[in-house]
Amino acid sequence: IYTPGKVGSAHMVRLALVWKITGEQKYLEGAKKWLVHMAGWDPNGITSYNLPLPDGSTGNDEAGMAMLERMAITYDWIGTELSGEEKILVLTSLKERGNQLLDYYTTKNFISEPWSNHAVRALAFTGLAGLSALGELPDAEKWLDYVIRCYLTSFPTWGGDDGGWSQGLSYWTAYVLWQTNFIDALQLCTAVNLYQKPFFRNNGYFAVYFHPPYAERGGFGDHGEAAPNLAEKLLVQRYARAFKDPVLLWQAEQIRLDESHLNRLQVVPGEMDWKEWFMEDVIAILNAPPSNLSPTSPAGMPPARLLRDIGWAAMHSDLGNAENDVWLLFKSSPYGSFSHSHADQNSFQVNAYGKALIIDSGYYPWYGSPHHNLWTRMTRAHNAILINGRGQSYGTMKASGTIEQFDHSEALTLVTGECARAYNLPLNEHTVNHWQENLDEPMPDNEPEAETVRRTIAFGHHPETPWMAVHDYLKTAGPASFDYLLHSLEQMELNEENQRLRVKSGEVELDVYFLAPQTLDFMQTDEFPIAPEERYEGAPDQWHFTASTLEDVDEMRYLVLMIPRHPETDRN
């Protein structure tokens, strides 16, 4: 039902749009056929928000949300061409589906507790339905009133005025693009301009700093392996038009969708088939680039940015210069590991000269798959530290981190995160069951308690000689082992005698030097404890490095220096 509900409704909108553009009757007839057909699906049947599910929950929202959104848009465009009987059928379906969502929101008290991820997405769809049926369905005014109150109060669930989105760049792109579809429609129909909310004013720079157009991969969270894509291009372009911002226009225009870019997105050969249920093609036609505005590179802007709302920091050596930029991302988030976030407090990523060097590891076959749950979301898939083999808990905001300092100057940025609390929570029952069913290795103990887990990163911003230093201080309630983790796309060169290693991606290299109070045992592997499923079968290997202590101690320090090497420089 997920696929026919989404594909059919998307084709319905495409046909309606082509009719609006060309005036050709065959496209109108096609759109009417799809609209009337989908309005005939029982809104209280298998696509209902009230559908009982085997796990005790209710609602087939994936199909239902898409149908509400696309039926509303199509009705707005071709409603005057429907017969009286057809209009009654469509409006009856919209009424039932819109009221199901309003009942869901009010029952959940969503304005005060906006933590249902799909309900955040559906705000935009409920709002579009309200605009489309306003004046024809009395209930439409109630939907619109509730949605606008959400946007003016609790939205955005996953960020704040700084413009961050804690679930990560992939979910940010999809979810906020949907929101701006409604915001544009609302602005066309009324005098309400939600773009003036501080979150939207700042949100485009989430991409500029954390996902520059020359990035191979994204930031933290699910689908972090994704490069900038068409949806992101359209979203940032929409912001550029709304704010007449030349830097955001540059960001959008630099996201190139040529063959080389598509190859970066293609994790598994043959997996670039067109996903018909998305509507980026429709949005691209409606979303004209801003006129009378010339793009301006972000060069000259501050090279570092902290999004305190989500606890992410970005540091660049040459922001905007694809050939010369080195950038590091750091996270210690108040959102913890909830929803599409991972157990990766105090973790970091390093990119240089267009290449991803130190990466978030793992794939995202589907939410909660064994690989996703037992690797990708876990601390051991990230560039963090294990205590007695255990990482941080996940699936909870309580497993959070805090940015304790962020000091920035032209030459140097210092950022410190603290996340001891994230290590002192047990894994949830679902994960424990998953572990016992799928892994032979024993589960790590939850002792001793972590008292201090503090990481400070220094980033030297000089464009020609950038460098990074990472200092960790850990204190536990009793002796413990410590494992320092790094991950990369290619095999690393280890030099255990000198306590150093070299990370490579193509011709770009990163030299990593360890200094610790005891000699560390180096190891790397290209194996996952549990392989990725389905569409990621056959995906490229990733390499996982561990520097382990040889003796248990209750206090540990590391100082790690990282020097990137440009392909054109001497590597001796």
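Side chains included, hydrogens not; waters and symmetry mates left out as well; all remaining heavy atoms used. These numbers come from a predicted model, not from an experiment.
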Exercise for the section: Give a yes or no on whether the ring-centroid distance for Trp172 and Phe206 is below 6.0 angstrom. Expected result: yes
Practice task
Ignoring hydrogens and angles, state whether a donor on the side chain of Arg121 or Asn117 is under 3.5 Å from an acceptor on the partner side chain.
Solution key: no
Problem - Whether Phe243 and Tyr195 hold their rings parallel, tilted or perpendicular, with breakpoints at 30° and 60° - result: perpendicular
Exercise for the section: On the 0 to 90° scale, with breaks at 30° and 60°, tag the Tyr364-Tyr367 ring pair as parallel, tilted or perpendicular. Expected result: perpendicular
Practice task
Please determine, by modelled atom types, if Arg217 and Asn351 share a side-chain donor-acceptor pair under 3.5 angstrom.
Solution key: no
Exercise for the section: Determine, using ring centers only, whether Phe182 and Phe155 are less than 6.0 Å apart. Expected result: no
Handout entry: N-O pairing of Asp360 and Lys331 below 4.0 Å
Key = no
Handout entry: Test item: Arg390 side-chain N/O and Tyr423 main-chain N/O as donor-acceptor pair under 3.5 Å
Key = yes
Practice task
Indicate yes or no for a side-chain donor-acceptor contact from Gln251 to the backbone of Gly204 under 3.5 Å, with no hydrogens or angles considered.
Solution key: no
Problem - Arg502 with Glu509: basic N within carboxylate O range, under 4.0 Å - result: yes
Practice task
Keeping the roles fixed (side chain from Thr416, backbone from Glu404), state whether a donor-acceptor pair exists under 3.5 Å.
Solution key: no
Problem - Exam field: side chain Glu496 to backbone Phe522, donor-acceptor pair closer than 3.5 Å - result: yes
Exercise for the section: Fit a plane to each ring of Phe338 and Trp115, take the angle between them on a 0 to 90° scale, and name the class: parallel (under 30°), tilted (30 to 60°) or perpendicular (over 60°). Expected result: perpendicular
Exercise for the section: List the steps, then state whether ring-ring contact (aromatic ring centres under 6.0 Å, His included) holds for His461 with Phe459. Expected result: CA-CA 6 Å; His461 291 288; Phe459 189 100; 4.9 Å; yes
Practice task
Evaluate the ring planes of Trp375 and His487, with Trp represented by its six-membered ring, and classify them as parallel (under 30°), tilted (30 to 60°) or perpendicular (over 60°).
Solution key: perpendicular
Problem - Glu253 side chain vs Pro295 backbone, donor-acceptor pair below 3.5 Å - result: no
Handout entry: Closest contact, heavy atoms only, Asn202 versus Asp161
Key = ND2-O, 2.6 Å
Practice task
Evaluate the side chain to side chain donor-acceptor pair (under 3.5 Å) criterion for residues Tyr394 and Thr431: first the C-alpha distance (whole Å), next the side-chain angles of each, then the deciding distance (0.1 Å), finally the verdict.
Solution key: CA-CA 9 Å; Tyr394 59 90; Thr431 302; 3.2 Å; yes
Exercise for the section: Please check if the side chain of Ser337 supplies one atom and the backbone of Ser393 the other of a donor-acceptor pair under 3.5 Å. Expected result: yes
Handout entry: Derivation of the side chain to side chain donor-acceptor pair (under 3.5 Å) call for Glu507 and Tyr353
Key = CA-CA 10 Å; Glu507 295 187 0; Tyr353 316 123; over 6 Å; no
Practice task
Spell out, as yes or no, whether a donor-acceptor pair under 3.5 Å connects the side chain of Arg377 to the backbone of His372.
Solution key: no
Practice task
Keeping the roles fixed (side chain from Ser341, backbone from Ser166), state whether a donor-acceptor pair exists under 3.5 Å.
Solution key: yes
Practice task
Identify which one of Leu486, Val350, Asp511 satisfies the side-chain contact (heavy atoms from CB on, under 4.5 Å) criterion when paired with Met562.
Solution key: Val350
Practice task
Indicate the ring-plane relationship of Phe528 and Tyr363, choosing parallel, tilted or perpendicular according to the 30° and 60° boundaries.
Solution key: perpendicular
Handout entry: Nearest non-hydrogen partners of Val415 and Ala313, listed with the distance
Key = CG2-CB, 4.2 Å
Exercise for the section: For atom NZ of Lys504, decide whether the heavy atoms of other residues, nucleotides or ligands shown that lie under 6.0 angstrom number more than 12. Expected result: no
Problem - Donor-acceptor contact below 3.5 Å, side chain Asn346 vs main chain Gly417 - result: yes
Problem - Aromatic centroids of Tyr209 and Trp312 separated by under 6.0 Å - result: no
Practice task
Taking Thr476 for its side chain and Gly478 for its backbone only, find out whether a donor-acceptor pair lies under 3.5 Å.
Solution key: yes
Problem - side chain to side chain donor-acceptor pair (under 3.5 Å) assessment of Thr413 paired with His408 - result: CA-CA 4 Å; Thr413 293; His408 169 67; 2.7 Å; yes
Exercise for the section: Mind telling me whether His342 and His382 have parallel, tilted or perpendicular rings, with 30° and 60° as the class edges? Expected result: tilted
Practice task
Quick one: closest heavy-atom pair of Asn324 and Pro463, and the distance?
Solution key: ND2-O, 3.1 Å
